[in-house]
Asker: 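After the structure tokens below, expect a handful of questions from me.
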Amino acid sequence: MPDIKALLAKAKPREGSTTILLDGQVAGEIERLEAELLKVSEDWQPSDLAESHPGRKIGEQIAKLRKEARDSEAVFRFRYIGDGAYSDLMAGHPSKDPNEAFDSTTFPRALIAASAVDPEMTEDDVKALFEVISQGDIKKLFDTAWDVHNSSGLVPFSLAASALLAALDGGEK
């Protein structure tokens, strides 16, 4: 039978991370160019065999912007803050709605700030970040912070890694 002290010595707080694209303008420009590429691809008919497809230039622009987008990505890493601190955090952000467990405006900011380990952030930092990233990215940050506090401790399954290894090993193992 395992000794609780030995188990506690092995225990580490759950962590999680997510990647956010910080340059929203480049994302919008890629979307615009992809729509333009689709349109020219549907409409284009060469007038002679030497004529090059107008989508080539657009594709090159998209490739360049995708590199810029990757360069503007930032990884945010979160760590479980512990049961006591988490309970206190929830209690400090009560909802006015009896059907909700917390204030949906203040609690996400507080949880992100409290559990962010890389980069570390204050609630003011989180509030400033929320002014420049999209609601979708805000949700990604909150969902990751929420998950490190509310997910089980099971080893996450990676379908992508399993499929890749199966393909590389020829289905062996």
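Hydrogens, waters and symmetry mates play no part in the numbers below; they use all other heavy atoms, side chains included.
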Asker: Indicate yes or no: at least one non-hydrogen side-chain atom of I112 is less than 4.5 angstrom from one of F130.
Answerer: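 Counting from C-beta outward, I112 and F130 do come under 4.5 Å.
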Asker: Charged N to carboxylate O under 4.0 angstrom, R70 versus E73?
Answerer: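 No, this pair does not count.
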Asker: Are L38 and I58 in one and the same hydrophobic cluster, where Ile, Leu, Val, Met, Phe, Trp and Tyr link if side-chain heavy atoms are under 4.5 Å apart?
Answerer: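 Each belongs to a different hydrophobic cluster.
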Asker: Calculate, to the nearest 0.5 Å, the distance between atoms CG and OG belonging to L141 and S17 respectively.
Answerer: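 Spacing of CG (L141) from OG (S17) equals 11.0 Å.
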Asker: Check for me whether the distance between the ring centres of Y80 and H149 falls short of 6.0 Å.
Answerer: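 Between Y80 and H149, the centre distance is under 6.0 Å.
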Asker: Working note: L89 + L111, criterion side-chain contact (heavy atoms from CB on, under 4.5 Å); need CA distance, chi angles, decisive distance, verdict.
Answerer: CA-CA 7 Å; L89 193 65; L111 181 63; 3.8 Å; yes
Asker: Nearest 0.5 Å, what's the CG-CZ distance between D125 and R109?
Answerer: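 The distance works out to 12.5 Å.
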Asker: For E68, is there any backbone N or O sitting under 3.5 Å from a side-chain donor or acceptor partner on D71?
Answerer: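 Flag not set: sc D71 to bb E68 has no pair under 3.5 Å.
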Asker: Please check if the side chain of K140 supplies one atom and the backbone of I20 the other of a donor-acceptor pair under 3.5 Å.
Answerer: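 Not a single qualifying donor-acceptor pair exists.
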Asker: Between R79 and E15, is the closest basic N to carboxylate O distance under 4.0 Å?
Answerer: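 Between R79 and E15 there is a salt bridge, with a charged N closer than 4.0 Å to a carboxylate O.
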Asker: Examine distances only and state if a side-chain atom of S72 and a backbone atom of A69 form a donor-acceptor pair shorter than 3.5 Å.
Answerer: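 Yes.
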Asker: Any side-chain heavy atom of L22 within less than 4.5 Å of one from V132?
Answerer: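 Not in contact.
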Asker: Ignoring hydrogens and geometry beyond distance, is a side-chain donor-acceptor pair present between D147 and T144 at under 3.5 Å?
Answerer: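 Per modelled atom types, D147 and T144 side chains form no pair under 3.5 Å.
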Asker: How long is the span from the OG atom in S104 to the NZ atom in K96, to the nearest 0.5 Å?
Answerer: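 S104 OG to K96 NZ: 9.5 Å, rounded to 0.5 Å.
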Asker: Quick one: CG on L129 to CE on M121, what's the gap to the nearest 0.5 Å?
Answerer: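 That separation rounds to 6.5 Å.
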Asker: When you look at E34 and R66, which way does the salt bridge (Lys or Arg N to Asp or Glu O under 4.0 Å) test go after all the steps?
Answerer: CA-CA 11 Å; E34 285 178 345; R66 284 186 192 267; 2.2 Å; yes
Asker: Atom CD1 in I30, atom CG in D23: separation rounded to 0.5 Å?
Answerer: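 The CD1 atom of I30 sits 9.0 Å away from the CG atom of D23.
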Asker: Heavy atoms only: give me the nearest A101-M90 pair and the separation to one decimal.
Answerer: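 What the structure gives for the nearest pair is CB-CE, 3.8 Å.
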Asker: If the threshold is 4.0 Å, N to carboxylate O, is there a salt bridge linking E36 and K57?
Answerer: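 Here E36 does not pair with K57 in a salt bridge, since their nearest N and O are not under 4.0 Å apart.
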Asker: Does the side chain of N150 pick up a donor-acceptor pair with the side chain of Y86 at under 3.5 Å?
Answerer: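 A donor-acceptor contact under 3.5 Å links the two side chains.
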Asker: Kindly work out whether a path of hydrophobic side-chain contacts (I/L/V/M/F/W/Y, heavy atoms less than 4.5 Å apart) joins L21 to I133.
Answerer: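 In one cluster with L21: I133, no.
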Asker: Kindly compute the distance separating CG (D118) from CZ (R77), expressed to the nearest 0.5 Å.
Answerer: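 That separation rounds to 5.0 Å.
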Asker: Taking V126 as the starting point, is it possible to reach V117 by hopping between hydrophobic residues whose side chains are less than 4.5 Å apart?
Answerer: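 V117 and V126: separate clusters.
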Asker: Do the side chains of V75 and T18 get nearer than 4.5 Å, heavy atoms only?
Answerer: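 No, too far: nothing below the 4.5 Å cut-off.
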Asker: List the atom of F102, the atom of S95, and the distance in Å for their closest heavy-atom pair.
Answerer: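 For F102 and S95, the tightest heavy-atom pair comes out as O-CB, 3.2 Å.
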Asker: Fit a plane to each ring of F76 and F78, take the angle between them on a 0 to 90° scale, and name the class: parallel (under 30°), tilted (30 to 60°) or perpendicular (over 60°).
Answerer: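 The rings of F76 and F78 lie parallel, inter-plane angle below 30°.
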Asker: Run the salt bridge (Lys or Arg N to Asp or Glu O under 4.0 Å) check on R56 and E60 step by step: do they pass?
Answerer: CA-CA 6 Å; R56 179 177 190 83; E60 289 168 352; 3.6 Å; yes
